[in-house]
Amino acid sequence: MTPHFNLAEFTASDVAARQGLNNSMPPFLVPAATETLQVLERIRAALCSLAGHHVPIIITSGYRSPAVNAAVGSRDSSDHQRAAAVDWKAPAFGTPLEICCALAPQMGVLRIGQLIYEFGTWMHTSTRAPAKPANRIITINRAGARVGIVDA
């Protein structure tokens with residue numbers, strides 16, 4: 001797929017494994033998955049450049065089948081079901097807050113459609129830009145969704 005990411009890690013799901021759910025990605029979504037992983041590859045390169053050292057990215061959730069998406073409590077409109085989103089971490093760079101702050105100014109260059117700082121724990125990136133430009137960079141936590149990267 002890309003030099004640092006493959007479909008196996010993009011479709012891996014602890015929830016699917018625990019609950020015996022099928023998380024196989026339909027072949028027609030491979031181009032979308034490839035595009036998503038290419039965005040992640042650009043993000044990785046940017047983080048490595050900023051850090052001045054190798055920054056591995058750990059995918060925590062990529063493609064989700066409808067059953068897995070429901071099991072994690074996500075909406076039917078989730079970009080994960082279209083292989084257009086990925087949740088991830090990069091502890092070798094810094095905290096999720098530090099990563100989001102570093103990426104937010106580079107959204108256009110990196111061709112990130114949406115960046116979400118979620119629950120202070122991980123980043124969500126999507127290839128699809130939301131209909132409302134204000135939702136392009138947001139923070140989601142227990143208080144709800146807020147525009148921009150906000151340290152809770």
Side-chain angles (χ1 to χ4, degrees), residues 1-15 23 25-65 68-69 72-152:
M1 297 289 317
T2 72
H4 298 97
F5 306 105
N6 60 57
L7 280 180
E9 65 187 316
F10 188 66
T11 59
S13 168
D14 291 341
V15 171
N23 200 48
M25 188 174 65
F28 74 88
L29 288 177
V30 169
T34 301
E35 182 181 353
T36 302
L37 292 176
Q38 288 170 343
V39 168
L40 202 57
E41 194 70 46
R42 288 191 296 274
I43 289 169
R44 183 193 168 284
L47 294 177
C48 289
S49 178
L50 288 168
H53 58 80
H54 178 68
V55 177
I57 288 180
I58 302 159
I59 295 174
T60 58
S61 182
Y63 169 75
R64 293 185 202 142
S65 68
V68 171
N69 198 59
V72 300
S74 190
R75 295 182 297 197
D76 288 340
S77 61
S78 172
D79 284 342
H80 286 276
Q81 290 187 111
R82 291 185 279 290
V86 61
D87 297 341
W88 56 277
K89 299 177 182 186
F93 182 86
T95 67
L97 177 63
E98 293 167 331
I99 293 167
C100 286
C101 288
L103 293 178
Q106 299 187 56
M107 296 276 291
V109 172
L110 298 173
R111 294 189 301 246
I112 300 170
Q114 185 179 44
L115 174 66
I116 305 176
Y117 172 46
E118 293 200 58
F119 299 96
T121 308
W122 71 87
M123 286 70 53
H124 165 100
T125 52
S126 178
T127 57
R128 184 185 63 82
K132 293 181 182 179
N135 290 336
R136 194 144 184 241
I137 302 173
I138 63 175
T139 296
I140 297 176
N141 57 29
R142 288 185 210 180
R146 292 182 278 174
V147 173
I149 303 302
V150 181
D151 188 13

How close do [X] and [Y] get, heavy atom to heavy atom, and via which atoms?
{"X": "I149", "Y": "C100", "result": "CD1-CB, 3.7 Å"}
{"X": "Y63", "Y": "L29", "result": "CE1-CD1, 3.6 Å"}
{"X": "F93", "Y": "E98", "result": "CE2-O, 4.1 Å"}
{"X": "H124", "Y": "A85", "result": "CE1-CB, 3.4 Å"}
{"X": "P130", "Y": "G113", "result": "CD-O, 3.5 Å"}

Nearest-0.5 Å distance, [atom1] of residue [X] to [atom2] of residue [Y]:
{"X": "T34", "Y": "E41", "atom1": "OG1", "atom2": "CD", "value": "12.0 Å"}
{"X": "I138", "Y": "L115", "atom1": "CD1", "atom2": "CG", "value": "9.0 Å"}
{"X": "L97", "Y": "D151", "atom1": "CG", "atom2": "CG", "value": "4.5 Å"}
{"X": "I57", "Y": "M123", "atom1": "CD1", "atom2": "CE", "value": "7.5 Å"}
{"X": "F119", "Y": "R142", "atom1": "CZ", "atom2": "CZ", "value": "8.5 Å"}
{"X": "I116", "Y": "Q114", "atom1": "CD1", "atom2": "CD", "value": "3.5 Å"}

For [Y], does its backbone N or O pair with a side-chain atom of [X] as donor and acceptor, under 3.5 Å?
{"X": "T36", "Y": "A83", "value": "yes"}
{"X": "R82", "Y": "S77", "value": "yes"}
{"X": "S74", "Y": "N69", "value": "no"}
{"X": "R146", "Y": "I140", "value": "no"}
{"X": "N23", "Y": "T11", "value": "yes"}
{"X": "Q106", "Y": "L103", "value": "no"}
{"X": "S126", "Y": "A84", "value": "yes"}

Should [X] and [Y] count as side-chain neighbours, where that means a heavy-atom distance under 4.5 Å?
{"X": "K89", "Y": "T121", "result": "yes"}
{"X": "V150", "Y": "Y117", "result": "no"}
{"X": "L50", "Y": "V55", "result": "no"}
{"X": "S61", "Y": "V68", "result": "no"}
{"X": "W88", "Y": "I43", "result": "yes"}
{"X": "R64", "Y": "S13", "result": "no"}

- request: Could I get the full list of salt bridge (Lys or Arg N to Asp or Glu O under 4.0 Å) partners for R128, not counting sequence neighbours?
  value: D79

message: For a quick check under 3.5 Å, do R75 and H80 share a side-chain donor-acceptor pair by atom type?
response: no

